[in-house]
Amino acid sequence: MEDERFLSSMSITVASGCLVAHVPSVLQDETIKLLQRDVLDAAHRTGAKGVILDLSGVRILDSFLATGIVNTARMLSAMGAAPVIACIMPEVAASIVYMDINVNGLRFAFDLEEAHQMLATAGAFGEEAKTEDTEEPEEAWIDSKDGADDDVNGDGE
Amino acid sequence: MENNTDLPAKEKIIGISGDIDRHIAVVVAGKLAAAAGLDKIAQNRISTAVSELATNIYRYGKRGTIHIRVIEEADKTGIEIIAGDDGPGIEDVGKAMQEGFSTTKSLGIGLPGTRRLMDEFEIETAPGKGTRIVARKWG
């Protein structure tokens, strides 16, 4: 039990209506499972429309751990909560690409601000968080299948 | 030529039998790669490769070692990782090196991924004989 508390030392906070999961720096096999469980639970409990996976603390992401993160994002998508993976360190990004981890269909943000912007543009927060100053944020979307487009056009006029 | 005993050790051997050992090996690899003067991206590639190899040991081979050392050749410096285990070995190496092939989930990306992270990659294995992988990354 004590182990579990140590391993699941991930904090999930709510900011501007979406969940932000701060992925711990030391990722272990077991941590990934707990992370998955905790994030999915929190998304389900809160009915969040957007979830940001903040990887700013992560220094090493091997294929097993990366796949765990990617799968968590896909699961969130399947629940109807738009996932954005944010704040990947440059060297971690390089390793992910060298390993050829499949990240198709996922969205990435440089920082938390951009992640929030992406979710707001996607209509993940409904009416109140719609941003007026949209300077083509669509371009930042690396996506092909996009599970969160249901509200993009919201209420037209 | 150098008898400065303050120099950091240029190699380490870490016994691997679980997740914590993997973490130790990753940290040691990062330190040695930094000490060898490799850039951050190369350091991360090496640490990530060590993570992959260590995971393969305790997940498939149960128990083994990761030997990490600084290597020098002509005018270049690098890091060599030797991962060894006395586990069941890999029956079909060709298949294990194929993209997407997986006996238990992560091997499918694990070995080909490690090969791409490093500059040189050799594998010796046979059923019942364990596995020995040597991988090198130059700065």
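Below, chains carry the letters A, B, ... as their sequence lines are ordered, and counting in each starts from 1. The model shown is predicted, which means the values in this text are computed figures rather than measured ones.
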- Message: Same cluster or not: A/Val103 versus A/Val39, using hydrophobic residues (I, L, V, M, F, W, Y) connected whenever any side-chain heavy atoms lie under 4.5 Å apart?
- Response: yes

- Indicate if A/Phe108 and A/Met89 have the same hydrophobic cluster label, given that clusters are the connected sets of ILVMFWY residues with side-chain heavy-atom separations under 4.5 angstrom. yes

- Item | Interatomic spacing from CZ in A/Phe64 to CD in B/Glu52 - rounded to 0.5 Å | 10.5 Å

- Message: Heavy-atom count check: over 12 atoms from other residues, nucleotides or ligands less than 6.0 Å from B/His67 NE2?
- Response: yes

- Who in residues 53-61 of chain A is close to chain B, using a strict under-4.5 Å heavy-atom cut-off? A/Arg59, A/Ile60, A/Leu61

- Pick one of side chain, backbone, both or neither for A/Val92, based on which atoms fall under 4.5 Å of a heavy atom in chain B. both

- Determine whether B/Leu117 and A/Val97 fall in the same hydrophobic cluster, where Ile, Leu, Val, Met, Phe, Trp and Tyr are linked whenever their side-chain heavy atoms lie under 4.5 Å apart. no

- Message: Could you check whether any side-chain N or O of B/Arg45 sits under 3.5 Å from a backbone N or O of A/Ser95, counting only pairs where one atom can act as donor and the other as acceptor?
- Response: no

- May I ask you to check whether A/Asp62 and B/Thr48 show a side-chain donor-acceptor distance below 3.5 Å? no

- Same apolar cluster: B/Val50 and B/Ile24, side chain cutoff 4.5 Å: yes

- Query: What distance do A/Ser63 atom OG and B/Asn56 atom CG have between them, rounded to the nearest 0.5 Å?
  - Reply: 7.5 Å

- Message: When you measure from the centre of the six-membered ring of A/Tyr98, is the NZ or CZ of B/Arg115 closer than 6.0 Å and no more than 45° off the axis?
- Response: no

- Task: Heavy atoms only, distances under 4.5 angstrom: which of B/Ile41, B/Asp39, B/Asp19 has the most pairs with chain A? Name it, please.
- Result: B/Asp19

- Query: Linking I/L/V/M/F/W/Y whenever their side-chain heavy atoms sit closer than 4.5 Å, directly or via other members, would A/Leu35 and A/Leu40 fall into one cluster?
  - Reply: yes

